[in-house]
Amino acid sequence: MQNTKVVVLIDDEIDVIEALTEMLELEGFDVLPFTDPKLALRSIKSDSHCVVLCDVKMPHIDGLTLLDAINKRASNLPVLLMSGHGDIPMATQAIKNGAYDFLEKPLVPSDLIIKLNDAFAKRQFESIDDAVENNSSLTIEEFLIGESRSIEQIRQQILVLAKTGVDTIINGDTGTGKEVVANALHQFSTRKEQPFVAINCGGMTESIIESELFGHELGSFTNASKQRIGKIELANNGTLFLDEIESMPISVQIKLLRVIQERVVERVGGNQLIPVNIVVVAASKANLEELSDQGLFRKDLFYRLNVASINIPKLKERVEDVHPLFCHFVKKSCQKFQTQPPILLCEQLRALNMHDWPGNTRELRNVADRFVLGIDGQGFNLQKTTSETEPEGFDFDLQMEGYEKALLLEALAKSEGNINASSEQLNLPRKTLYRKLKKYNINKFDFRVSATKET
Ligand SMILES: Nc1ncnc2c1ncn2[C@@H]1O[C@H](COP(=O)(O)OP(=O)(O)OP(=O)(O)O)[C@@H](O)[C@H]1O
Ligand SMILES: [Mg+2]
């Protein structure tokens, strides 16, 4: 899931554009400003992951016509309208026609930020839903890729935990795959048809995270102009994914503990206890037990959440996963960029296996993208690390296997998955070639250019 929040801002008044751009950028949004709605429309694609913030009254086009045009280009894009007092009827009609919400001018910055964040959260659920829909037929091996013992153990753990539906903490360094594991815990559970609701606890003030999680009643604080259903309620019967839980303010932790223990939620400013049935999955980069020993995380919450825990090792500690993950990302990248996979040379595979991967799997994914696009030429432009010059714990067998695998892949890539041509090129009997492909879990069909070609 992507973290940048892109706002397409449309207003014919340059002063408004300038003031809003500055304010939104300071709040961490990326702004694409337009005074011309036609140009703005052109920048919107069906798969755009942005939120549109636009004026309802502009010289050549009104809010309703613009909304209609945006919906035609990208039907699920949240559109937030800004209206002057006199345009309220039009804005109300726009909501009926599918606009996400509207704000009255002059804008109250904190209201705008909350509404934009809401709109992005909506967008996020939809992309998770899309992803889950697309992934619904995947096996656990296809969902969580890797050949290392640790990944195999994690897959087994996921299947057991998903069945029992216990609260779980996922621990892992940056980019190791915590979100994939959280998704898998939901996807392979009986709750998979129910909502998977994610919230990132990092970088939010105490009051925002509180109202995001628990919701609020109308007028419960100065800017609560509307009732809001919190994510805990939204996740009812499904899974609540608390990402970066280590950054959750202590006061919010206490309230969350109450929800988990008593299985009820109370909206901010409300006086009603609403029953909820949720599985809580929390992810952390930090060691929560250590944090709680230092008084930086509530011990009671830690113990309550830590019914089960999954630890994802750093990528450099599971070298066997580098190649299968790389192939997976290359394949996805080729689909994304509509191109053919380049040939992976032995030295390149060796470089991948030897690299330290400080950014873990996410870094590998980026390298795969660059490889497919040919950005780094023949090399990978990997940062030099100590282990590249001085390999620690050199594993001869592993290196040889890596080399053998690279030769097989190279031949298959050259022959576009043709077994006869590959066995000839490698001077290997076909039977041996098939055995080796099986050993390394290589699928010749992955190398075919089109489905109609002979193999
Ligand atoms: N075992 C895996 N199989 C398939 N894809 C993976 C695997 N591990 C990670 N990925 C992919 O690598 C990227 C990073 O993974 P993810 O976002 O889950 O990491 P994270 O631990 O949540 O990162 P961060 O700490 O930055 O939040 C994503 O594109 C994800 O799909
Ligand atoms: Mg993550």
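The structure displayed is predicted, hence computed values, not measured ones. Remember, it's 1-based here, ligands and their atoms both numbered in the order they're listed.
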Is there a side-chain contact between [X] and [Y] (heavy atoms, below 4.5 Å)?
{"X": "R228", "Y": "F214", "result": "no"}
{"X": "L288", "Y": "N306", "result": "no"}
{"X": "F196", "Y": "Q187", "result": "no"}

[Y] versus [X], side-chain donor and acceptor atoms under 3.5 Å:
{"X": "D321", "Y": "S148", "answer": "yes"}
{"X": "S415", "Y": "Q425", "answer": "no"}
{"X": "S207", "Y": "E210", "answer": "no"}
{"X": "E152", "Y": "Q156", "answer": "yes"}
{"X": "N277", "Y": "R263", "answer": "no"}

| Hey, looking at atom 24 (P) of ligand 1, which of G175, S148, G202, G359 has the closest heavy atom? | G175
N or O contact, [X] vs ligand 1, cut-off under 3.5 Å:
{"X": "L144", "answer": "no"}
{"X": "F329", "answer": "no"}
{"X": "T176", "answer": "yes"}

Going by the atom numbers of ligand 1, which of them fall below 4.0 Å from some non-hydrogen atom of [X]?
{"X": "V180", "result": "6 (C), 9 (C), 10 (N), 18 (O), 30 (C), 31 (O)"}
{"X": "K285", "result": "25 (O)"}
{"X": "T174", "result": "25 (O), 26 (O)"}
{"X": "I145", "result": "1 (N), 2 (C), 3 (N), 4 (C)"}

| query | Counting heavy atoms only, which part of R365 comes closer than 4.0 Å to ligand 1: side chain, backbone, both or neither? | reply | side chain
| query | Relative to ligand 1, is L364 under 4.0 angstrom through side chain, backbone, both or neither, heavy atoms considered? | reply | neither
| request: Would you check whether N183 reaches within less than 4.0 Å of ligand 1, judged by its heavy atoms? | output: no
| message | Using heavy atoms and a 4.0 Å limit, tell me yes or no: is G146 in contact with ligand 1? | response | no
